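So the structure is just underneath, and the comments pick up after that.
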Amino acid sequence: MRLVFLGAPGAGKGTQAELVASKFHRPRISTGDILREAVRNKTALGLEAKACMDQGKLVPDAVVVGIVKEKLAEPVCAAGFLLDGFPRTVPQAEALSNILDSRRQRLDRVINVLVSREDIVRRLSGRRSCAKCQAVFHVDFARPQRDGVCDRCGGELIQRSDDRREIVENRLAVYEVQTAPLIDYYRRKGLLSELDGSGSVEAVHQRMVGLLTAQGLS
Ligand code: AMP
């Protein structure tokens, strides 16, 4: 199972990728999570990425391609993987194709999670994540048991700095220009499946499992 999850920021691809990863026991590779960890740890990578991320811009292709190349070489990825948030540009997609070719592997499917712009803004503005374990909640749709406190580890729930409204606008604009062309790119390769991302997390997950099963990927 080698999958790519595509979708606008806030489409829910991270949440869905995590559910698929745990159901099918495949690693989820989220370039956003890897970069945020590097920023928290103030590594050289983190220092380079922070300025771009704070403005809602993309980190340079060479940086993220290097991260993914390293990850895919790990033994845990041998039986498959789920890429969440990568590729985000056509050059990244081409680099991924080269990496997989050199490993004699290929992508099985690219799943484009579709949601309305209205839903995206609602989801992103209410999203909160744990400062300690990064678990994700939502002030309306996935409320923690105690306001502001992580159910999983008791850590403080905070808003991602790039989920602020003005940065969200930038991220959506960047998505339209740089990432949306990947939809056609993968459609032309016959790899694209569209998934309706509206409704509850569970409803979308059920649709996702149905789609993967229909593709013989379960
Ligand atoms: P995400 O958590 O996937 O929404 O990513 C958060 C931020 O990390 C993005 O707004 C970018 O600044 C950066 N980022 C994550 N993945 C990539 C990627 N594949 N290419 C470039 N920048 C990325």
Side-chain angles (χ1 to χ4, degrees), residues 3-21 27-72 81-100 107 110-113 115 117 119-131 133-138 158-183 185-186 197:
L3 302 176
V4 164
F5 286 78
L6 273 187
K13 60 187 185 309
T15 305
Q16 293 301 326
E18 203 167 282
L19 291 173
V20 173
R28 162 180 168 250
I29 301 169
S30 157
T31 41
D33 280 359
I34 294 168
L35 292 167
R36 275 185 291 280
E37 192 183 343
V39 170
R40 277 195 302 279
N41 294 334
K42 299 193 169 64
T43 63
L45 167 65
L47 295 176
E48 184 177 357
K50 188 175 184 326
C52 302
M53 295 173 79
D54 281 349
Q55 296 171 56
K57 291 184 184 160
L58 294 185
V59 171
D61 287 340
V63 174
V64 280
V65 167
I67 294 173
V68 170
K69 193 170 182 181
E70 250 180 50
K71 280 276 163 196
L72 294 184
F81 51 79
L82 288 80
L83 284 168
D84 162 15
F86 180 94
R88 253 176 159 105
T89 64
V90 171
Q92 288 181 21
E94 281 166 354
L96 174 62
S97 167
N98 291 336
I99 294 169
L100 293 177
L107 283 179
V110 175
I111 298 167
N112 184 33
V113 183
V115 289
R117 193 176 170 106
D119 273 352
I120 285 175
V121 172
R122 205 163 352 138
R123 287 182 186 185
L124 287 180
S125 57
R127 178 159 75 177
R128 300 290 180 272
S129 25
C130 175
C133 76
Q134 319 325 311
V136 179
F137 297 84
H138 193 281
I158 55 169
Q159 184 173 42
R160 257 171 63 171
S161 56
D162 61 350
D163 279 349
R164 283 173 295 136
R165 186 167 284 272
E166 63 281 15
I167 307 296
V168 164
E169 293 297 331
N170 282 351
R171 289 167 65 204
L172 290 173
V174 164
Y175 168 79
E176 286 301 333
V177 175
Q178 292 185 269
T179 308
L182 288 178
I183 298 171
Y185 175 93
Y186 282 120

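On a predicted model such as this, the values are computed, not experimentally measured, just so you know. Ligands are counted one by one from 1 in listed order, and the atoms in each one are counted from 1 as well.
When non-hydrogen atoms are compared, ligand 1 lies under 4.0 Å from the backbone of Val59 as well as from its side chain. Residue contacts with ligand 1 for Arg160 involve side-chain atoms from C-beta outward but no N, CA, C or O (heavy atoms, distance under 4.0 Å). Contacts between Val64 and ligand 1 below 4.0 angstrom, taking non-hydrogen atoms only, involve the side chain exclusively.
In summary, of the residues considered (Thr89, Leu6, Val90), a side chain to side chain contact (heavy atoms under 4.5 Å, CB included) with Tyr185 occurs for Val90 alone.
Contact check for Ile67 versus Phe86: no side-chain heavy atoms found under the 4.5 Å cut-off. Inter-residue side-chain proximity for Asp33 and Gln134 is flagged as unmet; no heavy-atom pair is nearer than 4.5 Å. The closest side-chain heavy-atom distance from Pro87 to Leu182 is below 4.5 Å. Between Asn170 and Glu166, the closest side-chain pair of non-hydrogen atoms is not below 4.5 Å. Counting heavy atoms from C-beta on, the side chains of Ile111 and Val4 never come closer than 4.5 Å.
At the top of the distance list for atom 16 (N) of ligand 1, counting protein heavy atoms only, stands Thr31 OG1, 2.8 Å. Counting only heavy atoms of the protein, atom 9 (C) of ligand 1 lies nearest to Arg88 NH2, 3.9 Å. Of the protein's non-hydrogen atoms, Met53 CE, 3.4 Å is the one closest to atom 8 (O) of ligand 1. Protein heavy atom nearest atom 12 (O) of ligand 1, with residue, atom name and distance: Lys57 O, 2.6 Å. Shortest contact from atom 20 (N) of ligand 1 to any protein heavy atom: Gln92 NE2, 2.9 Å.
Summarising the geometry of Pro9 relative to Leu172, their closest heavy-atom pair is CD-CD2, 3.9 Å, with the distance given to 0.1 Å.
Side-chain atoms of Ser129 never come within 3.5 Å of backbone atoms of Ala135 as a donor-acceptor pair (strictly under, hydrogens ignored).
Contact atoms of ligand 1 toward Arg171: 4 (O) (distance under 4.0 Å to a heavy atom of the residue). Close approach of ligand 1 to Leu58 (heavy-atom distance below 4.0 Å) involves ligand atoms 21 (C), 22 (N).
Remark: Arg36 CZ to Met53 CE distance equals 5.5 Å, nearest 0.5 Å.
An N or O contact shorter than 3.5 Å links Arg36 to ligand 1 by distance. Not one N or O of Lys13 is nearer than 3.5 Å to an N or O of ligand 1, by distance alone. The N/O atoms of Gly85, backbone and side chain alike, include one that comes under 3.5 Å of an N/O atom in ligand 1.
Heavy-atom proximity to atom 14 (N) of ligand 1, evaluated over Ile67, Leu35, Asp61, is greatest for Leu35.
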